[in-house]
Amino acid sequence: ICFLYLMHVVNLARSVPVRFPALNPPRTVQELVVRYLSETKQDDLLPILALINRDWCYGVRMSRFHDLTLSPYTERAGLADIFREADVCRCVRYLCINGCLRDEGMIVNGIANHTWLNELLPVVNNICTHALVEDLRLISLSWGDIHIEIRAALRSLVSVRALTINDVDF
């Protein structure tokens, strides 16, 4: 009787749709190993794995460039060089743009200082063109003060499954 009841519960569970399916489950052994090393904080081994061959390099890139947060404090010097390649841009799945408007000096004469974001226009354009961003977060921004090309690029993201807007002035 217990077995029949358990089978009934399992069948009911199968008929219930998954509310939030897992995003990008690992597909290859390389991705599983890289994810395990990342989750166990053994990131120092990832560059070594990337040298093995192209498959391992792709797995390491997916781990390293999965999440990208842009803020006024982001080191912008080498960012344009890194995200120039379409292969690297395709790895970005989570994009967060945090304007940090609550920080001192970010609002000058009543106008939000988003000049740092204008410097990242090539990066944002490349990511929006090549990446399948699934989670987009816009935090502490003044939408009207953002460069029109960046706004257009962000609106062109068609793969976004989760959008978070927090403290954004429209």
Partner set under side chain to side chain donor-acceptor pair (under 3.5 Å) for Tyr73, not counting sequence neighbours:
Asp103

With sequence neighbours excluded, residues passing side chain to side chain donor-acceptor pair (under 3.5 Å) with Thr115
Asn113

Between Pro72 and Trp116 the two heavy atoms that sit nearest each other are CG-NE1, 3.5 Å

Can you list the residues that meet the salt bridge (charged side-chain N to carboxylate O under 4.0 Å, His left out) rule with Asp67, with sequence neighbours excluded?
none

Apply salt bridge (charged side-chain N to carboxylate O under 4.0 Å, His left out) to Asp44 and list each qualifying residue two or more places apart in sequence or on a separate chain.
none

Could you walk me through whether Leu46 and Arg64 pass the side chain to side chain contact (heavy atoms under 4.5 Å, CB included) check?
CA-CA 9 Å; Leu46 293 178; Arg64 288 281 170 119; 3.7 Å; yes

[atom2] on [Y] to [atom1] on [X], rounded to 0.5 Å:
{"X": "Asp167", "Y": "Leu141", "atom1": "CG", "atom2": "CG", "result": "8.5 Å"}
{"X": "Leu136", "Y": "Thr164", "atom1": "CG", "atom2": "OG1", "result": "8.0 Å"}
{"X": "Cys89", "Y": "Leu132", "atom1": "SG", "atom2": "CG", "result": "11.5 Å"}
{"X": "His147", "Y": "Leu121", "atom1": "NE2", "atom2": "CG", "result": "6.0 Å"}

Common cluster, [X]/[Y], ILVMFWY with side-chain heavy-atom separation under 4.5 Å:
{"X": "Leu68", "Y": "Leu138", "value": "yes"}
{"X": "Met106", "Y": "Leu120", "value": "yes"}
{"X": "Ile139", "Y": "Ile146", "value": "no"}
{"X": "Ile48", "Y": "Val33", "value": "yes"}
{"X": "Leu37", "Y": "Ile52", "value": "yes"}

Just do the side chain to side chain contact (heavy atoms under 4.5 Å, CB included) check on Arg61 and Val88 with the steps written out, would you?
CA-CA 7 Å; Arg61 279 185 180 172; Val88 175; 4.0 Å; yes

Using side chain to side chain contact (heavy atoms under 4.5 Å, CB included) as the criterion, list what pairs up with [X], not counting sequence neighbours.
{"X": "Ile165", "result": "Leu163, Val168, Phe170"}
{"X": "Thr74", "result": "Leu70, Ser71, Leu79"}
{"X": "Asp145", "result": "Ile111, Ala112, His114, Ser142"}
{"X": "Asn53", "result": "Asp55, Trp56"}

Which atom pairs, one a donor and one an acceptor, fall under 3.5 Å between side chains of residues 148-157 and the rest of the protein, sequence neighbours left out?
residue: Arg151; atom: NH1; partner: Trp143; partner atom: O; Å: 3.2
residue: Ser156; atom: OG; partner: Ala153; partner atom: O; Å: 2.6

Using a 4.5 Å cut-off on heavy atoms from C-beta on, say whether the side chain of Asp135 contacts that of Arg161.
no

Counting C-beta onward and ignoring hydrogens, is there a side-chain heavy-atom pair between Val160 and Glu134 closer than 4.5 Å?
no

Residue pairs, two or more places apart or on separate chains, that pass side-chain hydrogen bond (donor to acceptor under 3.5 Å, both in side chains) and touch residues 119-131
Arg76-Glu119

Please answer whether the main-chain N or O of Leu101 pairs with a side-chain N or O of Ser140 as donor and acceptor at a distance below 3.5 Å.
yes

Would the distance check show the side chain of Arg93 and the main-chain N or O of Arg90 forming a donor-acceptor pair, the cut-off being under 3.5 Å?
yes

Pairs satisfying salt bridge (Lys or Arg N to Asp or Glu O under 4.0 Å), at least one member in residues 104-115, at least two apart:
none

Which residue pairs satisfy the ring pair (Phe, Tyr, Trp, His ring centres under 6.0 Å) criterion with at least one member in residues 83-111, sequence neighbours excluded?
Phe65-Phe83

